[in-house]
Every structure is written in C-alpha cells, then in structure tokens.
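Below is one structure, written out as structure tokens; the observations come after it.
Treat the numbers as computed from the prediction; the structure is a model and nothing was measured. Reckoned from all heavy atoms, side chains included, excluding hydrogens, waters and symmetry mates.
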Amino acid sequence: MKATMVMGVAVAGAVAVGAAFYFVNTQEPRRVLFIDSYHAGYEWSDGITGAVQNVLDDRNVDLRIHRMDTKNNTSEEFMQRAGLLARAAIEEFQPDVVIATDDNAQKYVIAPYYRNTDLQVVFAGVNWDASVYGYPTRNITGMIEVSAVPEMLQLIRRITPGQRVGSINGNTETYRKESKNYNDVLGFTFDSERLVSTFDEWKAAFLEMQNTVDILYMYNNAGIAGWDDDEARRFVLEHSRIPSGSVQPWMAPFVLVTFTKDPYEQGEHAAQVALQILDGAAPTDFPMVTNKRGEVLLNAALARQMGLTIPSDMLASASVLTN
C-alpha cells in the first residue's frame, strides 16, 4: 500500500473514489541496507539476496543493496577500500537496520566501525565462529554458517548401520581449519583421517578406507594435484564398498549423499529478524543461531552400483543425480 504525496508530504486519512474508500499508508518506509561481501551472479550471494528481497517485499521497507565484490578482488588493499565504501554507504543512507552477509562484511565494515553502537545489525553467512568479530553485542546478532556434517551423517546412517567415519581430503590449510571446527564446534572427530596431495594418494587412501571404516567423508577435492573428474567418477563407481558423503555440491558426482547448505535459510532468517527489529524488538532478543536446512543430492548411479536400498522418503526429498 503506497502513501499519497502532495508537494512531497504524505497525506493522512482516506480518499473517496465514487462509493469506495481507499486508505492510504502515511508511514515513511523503514530503511534497510543489505551489505553483500560478494557480487551479483555468485550463486551463494544470489540465494541470500533473493530470500531477503522476498521477505521484505511489500513490508513498507526501502531496501538497498551494497556489494563489496571481495570474491573477485581478494587483495588486502581492495578489501580495506571496499570496507570504507560500505561504511560510506551506511552513513549516506542512514538505515534503520543493516543486514551484513559473509565474513568480509564483518571484518572490514561492521566489527571495526559499528560494534556497540546505535546501528542495529543482523549478520548471516559468518563461518563457524562469530566471536572472532566480538559478536554478539547489544546491537548485533545473526546466523552462523556451519557445515552440515551431522545432518549428512544422519542421512547416511539410515542406509548403513556402521558408525566408524573416515575422511579423505586435500592437504590444505582450508580443510585443516574445517576439520578443527568439526571438533571444536560440532564436537565430532573422525575415526580415520587422511590428508593427501596427489590424485594417486587419494586413490590409495580411498581403497584403504573401504576396509577400515563404515562411512567415508570427502569435504573437497581442492589441493589434490592431478585430480581428474572423469577418472575419479569411474574410480568411485568401481571401488566403492561403503557409503560416502560430502557437504559441497561439486563433490556430488563422487559421493553417495551430499547435504549442501541453503543460502535461502540465511537470507530468510536475517530478513525476518530485521523486520522484528524494525517493529521495535532489540537484537539482544534474538540469540545467535546456526543453519539447519539444506538440499540433499543423491548419486543414483553409485547407489545402484553398490546395491543399496534408499528409503522412499529420502528419495522423494532429494535431488537425484543419474550419472
């Protein structure tokens, strides 16, 4: 419902047209600034953005989007400059609430300039630990992004009774941090873990794991020199004896079950909390939460090759990969 304006001033009351009365909205739109660490066209950012727009649509909100573009530009100099530009956007727009997504928006904008200020902020997409930014504060809350390893294992354990879990991943700093967070945040450790540097090492570890654990987890193939998608797909089909899983969508061709994070969950939560803050709630009314939703990808070719029976409700709710 839009306000009627006369000489730039909102007119209150009702307007009679014929026998009908049309009530006009005299409230000025509430201002929300959405700061995206990345760029339009990046699938994760687009998902969060679409969810924010859907929730705030027709809610008397003036939503503006500022993108930092730090996925395409990763130098420290660029990120510092992007932080200053985002700060300038805040000062110019004077939003009632800021939604800030992913880590770089926190590191270069919100944490250094707006902790414990009057600006109310809802974050999303912060990986694993918000305390590194000093969150929460009296004016900041949001949703922490964690890998859905427990949810993925819960699905696989509907297929196999085994409990021992092994992991094979590239020998990278990113994965070492990921694995540490499994322990520190999720309280989960692997029964067997291999960090490999080459495709041949990955193959050898894969064969070993078939006989030593009940479930195989593969987070990523990054950092594995000589990796060949086609050969890896053939190798997995030929040698898989135990169910496998991942949380990364690009690993779906090489594992049985993939449980990916849902960017819409992050955007919906941030926007819903922002709306309640606009209506008078405080950020301290909303404890920080972690993501729970995800999309299930099921590798049908691998399930057939292994002779596995997949529960019908899992099939119905999953996206099935046929090759």
Side-chain angles (χ1 to χ4, degrees), residues 29-38 44-57 59-68 70 79 82-83 86-87 89-91 93-148 150-151 181 184-187 261-294:
R30 288 85 58 86
R31 297 182 301 277
V32 175
L33 180 64
F34 172 38
I35 300 177
D36 172 19
S37 288
Y38 305 135
W44 175 259
S45 292
D46 289 350
I48 295 179
T49 303
V52 169
Q53 291 172 322
N54 287 341
V55 172
L56 298 184
D57 187 39
R59 299 303 296 267
N60 196 34
V61 169
D62 181 1
L63 173 66
R64 298 191 186 179
I65 300 172
H66 179 88
R67 303 192 191 274
M68 295 176 65
T70 60
M79 292 190 186
R87 183 187 184 189
I90 292 173
E91 299 304 320
F93 186 43
Q94 291 292 301
D96 298 299
V97 177
V98 167
I99 297 174
T101 61
D102 293 288
D103 283 81
N104 287 338
Q106 321 310 320
K107 182 176 180 180
Y108 294 99
V109 188
I110 304 303
Y113 301 121
Y114 295 105
R115 276 184 304 185
N116 292 310
T117 67
D118 292 334
L119 182 68
Q120 301 182 96
V121 178
V122 185
F123 68 82
V126 169
N127 289 298
W128 289 108
D129 182 11
S131 68
V132 297
Y133 305 115
Y135 300 170
T137 70
R138 63 180 176 84
N139 66 310
I140 301 171
T141 190
M143 176 174 278
I144 299 166
E145 178 189 337
V146 301
S147 292
E151 290 80 3
N181 280 310
D184 295 348
V185 179
L186 302 179
K261 292 171 284 192
D262 180 3
Y264 292 91
E265 179 184 15
Q266 300 274 341
E268 286 172 2
H269 178 82
Q272 288 164 356
V273 171
L275 274 178
Q276 293 178 77
I277 291 173
L278 289 171
D279 288 338
T284 51
D285 295 331
F286 305 95
M288 294 191 305
V289 297
T290 59
N291 54 292
K292 300 296 182 186
R293 288 186 351 217

Please test Ile144 against Phe123 for side chain to side chain contact (heavy atoms under 4.5 Å, CB included), starting from the C-alpha separation and ending with a verdict. CA-CA 8 Å; Ile144 299 166; Phe123 68 82; 4.1 Å; yes

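- Asn181 places none of its side-chain heavy atoms less than 4.5 Å from the side chain of Asn127.
- Looking at residues two or more places apart in sequence or on another chain, you find no side-chain hydrogen bond (donor to acceptor under 3.5 Å, both in side chains) involving Ser37.
- Without hydrogens or angle criteria, Arg87 side chain to Ile110 main chain gives no donor-acceptor distance under 3.5 Å.
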Pair Asp102, Met68 - check side chain to side chain contact (heavy atoms under 4.5 Å, CB included), show working. CA-CA 11 Å; Asp102 293 288; Met68 295 176 65; over 6 Å; no

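- Partners of Asp36 by salt bridge (Lys or Arg N to Asp or Glu O under 4.0 Å), not counting sequence neighbours, listed by chain and number: Arg67.
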Please step through side chain to side chain contact (heavy atoms under 4.5 Å, CB included) for the pair Val132 and Lys107, ending with a clear verdict. CA-CA 9 Å; Val132 297; Lys107 182 176 180 180; over 6 Å; no

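- Ala111 and Tyr135 get closest at one heavy-atom pair: N-OH, 3.7 Å.
- When Val98, Val122, Ile65 are each tested for a side-chain contact (heavy atoms from CB on, under 4.5 Å) with Phe34, only one passes: Ile65.
- Heavy atoms only, all atoms of each residue included: Gln266 and Gly125 are closest at OE1-N, 2.8 Å.
- Once rounded to the nearest 0.5 Å, the distance linking CG of Asn104 with OG1 of Thr70 reads 3.5 Å.
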Name each donor-acceptor pair under 3.5 Å that joins a side chain in residues 274-290 to protein atoms two or more places apart or in another chain, with its distance.
unit_1	atom_1	unit_2	atom_2	d
Gln276	NE2	Gln272	O	3.4
Asp279	OD1	Arg30	NH1	3.1
Asp285	OD2	Ala282	N	2.8

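- In this structure, the side chain of Gln106 engages the main chain of Ala100 through a donor-acceptor pair within 3.5 Å.
- Checking side-chain atoms of Arg115 against main-chain N and O of Tyr133 turns up a donor-acceptor pair under 3.5 Å.
- Remark: Glu151 engages no residue in a salt bridge (Lys or Arg N to Asp or Glu O under 4.0 Å) (not counting sequence neighbours).
- For residues 98-121, no residue pair satisfies the ring pair (Phe, Tyr, Trp, His ring centres under 6.0 Å) rule, not counting sequence neighbours.
- Judged purely by atom type and a 3.5 angstrom limit, Arg31 uses its side chain to pair as donor or acceptor with the backbone of Gln94.
- Partners of Tyr264 under the side-chain hydrogen bond (donor to acceptor under 3.5 Å, both in side chains) rule, at least two apart in sequence or in another chain, do not exist in this structure.
- In this structure, Val273 and His269 have side chains that are in contact, with non-hydrogen atoms separated by less than 4.5 Å.
- Partners of Asp103 according to the salt bridge (Lys or Arg N to Asp or Glu O under 4.0 Å) rule, which considers only residues two or more places apart in sequence or in another chain, do not exist here.
- Rounding to the nearest 0.5 Å gives a distance of 13.0 Å between CZ of Arg64 and CD1 of Ile35.
- Taking the side-chain contact (heavy atoms from CB on, under 4.5 Å) definition, one finds that Pro29 meets it with Asn60, Asp62, sequence neighbours left out.
- Each salt bridge (Lys or Arg N to Asp or Glu O under 4.0 Å) pair with one or both residues in residues 119-133, not counting sequence neighbours, would appear here, but there are none.
- A distance-only check finds no donor-acceptor pair linking the side chain of Asn139 to the backbone of Asp118 [under 3.5 Å].
- For Trp128, the ring pair (Phe, Tyr, Trp, His ring centres under 6.0 Å) partners at least two apart in sequence or on another chain are Tyr182.
- For the pair Val52/Thr101, no side-chain contact is recorded, criterion being any heavy-atom separation below 4.5 Å from C-beta on.
- Ile99 places a side-chain heavy atom less than 4.5 Å from the side chain of Val32.
- Listed for the Asp57 side chain is no donor-acceptor partner under 3.5 Å among the backbone atoms of Gln53.
- Applying the salt bridge (Lys or Arg N to Asp or Glu O under 4.0 Å) test to Arg293 and every residue at least two apart in sequence or in another chain returns Asp262, Glu268.
- For the pair Asp96 and Gln120, the minimum side-chain heavy-atom distance is 4.5 Å or more.
- In this structure Asp184 satisfies the side-chain hydrogen bond (donor to acceptor under 3.5 Å, both in side chains) test together with Lys180, sequence neighbours excluded.
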